[in-house]
Amino acid sequence: MVPVGDVLAVGAVALGAVMQRATGLGFALVAAPFLVVILGPFSGVTLANLLSAVINLIVLCMTVRALRRRVAVQMIAGVVLALPLGVWVVRELPGPALLVGIGLITAASVAWVAVGQSMPLLRRRGGAAASGFASGFFNTTAGTGGPPLAVYAASTGWDHRSFVPTVQLVGLVTNVLSLAAKGTPVLSWRLLLACGVAMLAGIGGGQYLQRWLPEGAARRGMLALALAGSTIAIVKGLASW
């Protein structure tokens, strides 16, 4: 009999992949909190990093023509600076504290994106690097590096067409560096294969959805699912403290 936890993990991966393809963001926001609850803080985040890297590469290949290389390089520089701090936090905090922290970071990220307020400071020189730094830290500690990039996009009037491939490249580099620093999760091949199939199915579903689903509706759905997952992570962490 297939464990219920594995089924939930695969479902979260499929939903996250749909959102990632439809909106350019959302895989880690949706999937990571559920993976953390099901698999534990370390394995959950590292699996989210691994799957995110794969989906980043696939979506990048589909949208690469609109890539803004200069902005991507600046953001990646910020990511590299944030990586050591994020790895230190992951290694030093105890399991329950990390679980609560991951939930809080994700919830805060969701609220930040939901508000959608412009930050004039990000329009200045260094704004892209600062967004990359925040994204790298969030990604390494909680597997959710998208919200700071979305805030940068909202603050600078970044068009969605070039936003999608640029964010995929930044996310790909971030996830690869995170995995290199922390190592890959030790999980069953059955679960990894199921997650891979779910991810491909989700990308296909997102490709279809983006043709008719309003961007605002897809964004609201992503945020609602992410908030639910982060709340569950916080509750479980507090209960096991």
Item to complete: Grab the two heavy atoms, one from S43 and one from T46, that are nearest each other, plus how far apart they are.
Response: O-OG1, 3.2 Å
Fill in: Same cluster (ILVMFWY, side-chain, under 4.5 Å), L57 and V197
no
Item to complete: Would you please test M19 and L15 for side chain to side chain contact (heavy atoms under 4.5 Å, CB included) and show each step?
Response: CA-CA 6 Å; M19 294 300 178; L15 283 173; 5.8 Å; no
Worksheet item: In Å, rounded to the nearest 0.5 Å, how long is the span from CG of L179 to OG of S52?
Response: 9.0 Å
Item to complete: Step by step, work out the side chain to side chain contact (heavy atoms under 4.5 Å, CB included) result for V59 and V164.
Response: CA-CA 8 Å; V59 177; V164 173; 3.9 Å; yes
Worksheet item: What closest approach, in Å, do M199 and A17 show between heavy atoms, and which atom pair accounts for it?
Response: O-CB, 3.4 Å
Discussion item. Could you go through I203 and Q20, starting from their C-alpha distance and side-chain angles, then the distance that decides it, and tell me whether this counts as side chain to side chain contact (heavy atoms under 4.5 Å, CB included)?
Written reply: CA-CA 8 Å; I203 292 173; Q20 182 79 20; over 6 Å; no
Discussion item. Whether the side chain of S162 engages the backbone of R68 through a donor-acceptor N/O pair (distance < 3.5 Å, no angle test) should be reported.
Written reply: no
Worksheet item: If every non-hydrogen atom of V87 is compared with every non-hydrogen atom of A181, which pair is closest and at what distance?
Response: CG2-CB, 3.6 Å
Discussion item. As an exercise, state the distance from CG of L83 to CZ of F133, rounded to the nearest 0.5 Å.
Written reply: 10.5 Å
Worksheet item: Closest heavy-atom contact between S131 and Y152?
Response: OG-CB, 3.3 Å
Discussion item. Hydrophobic clusters here meaning ILVMFWY residues chained together by side-chain heavy-atom distances under 4.5 Å, can you tell me if V36 and V235 are in one?
Written reply: no
Practice prompt. Indicate whether the side chain of N175 and that of S178 have a donor and an acceptor atom separated by less than 3.5 Å.
Written response: no
Discussion item. Could you report the tightest heavy-atom contact between G136 and T174, atom names first, then the distance?
Written reply: CA-CG2, 4.1 Å
Worksheet item: Side chains of V80 and L177: closer than 4.5 Å at any heavy-atom pair?
Response: yes
Discussion item. What's the separation between atom CG in L192 and atom CZ in R190, rounded to the nearest 0.5 Å?
Written reply: 12.0 Å
Worksheet item: Roughly how far apart are I38 CD1 and I232 CD1, rounded to 0.5 Å?
Response: 8.5 Å
Discussion item. So T63 and R21, do their side chains get closer than 4.5 Å, heavy atoms only?
Written reply: yes
Fill in: Joint cluster assignment, L8 & L47, ILVMFWY side-chain distance < 4.5 Å
yes
Discussion item. Assigning hydrophobic clusters by single linkage (Ile, Leu, Val, Met, Phe, Trp, Tyr; side-chain heavy-atom cutoff under 4.5 Å), is V73 placed with I76?
Written reply: no
Worksheet entry | Least distance between heavy atoms, V79 atom then G132 atom | CG2-O, 3.2 Å
Worksheet entry | By side chain to side chain donor-acceptor pair (under 3.5 Å) - contacts of S230 (at least two apart) | none
Worksheet entry | CG-CZ distance between N56 and F27, expressed to the nearest 0.5 angstrom | 9.0 Å
Practice prompt. Report the C-alpha separation of V13 and F34 in whole Å, then their side-chain angles, then the decisive distance to 0.1 Å, and conclude whether the side chain to side chain contact (heavy atoms under 4.5 Å, CB included) test is met.
Written response: CA-CA 9 Å; V13 167; F34 291 99; over 6 Å; no
Discussion item. When you group the ILVMFWY residues by side-chain heavy-atom contacts below 4.5 Å and let the links chain together, are I105 and L85 in the same group?
Written reply: yes
Worksheet item: Roughly how far, to the nearest 0.5 Å, is CG of L60 from CG of L67?
Response: 6.5 Å
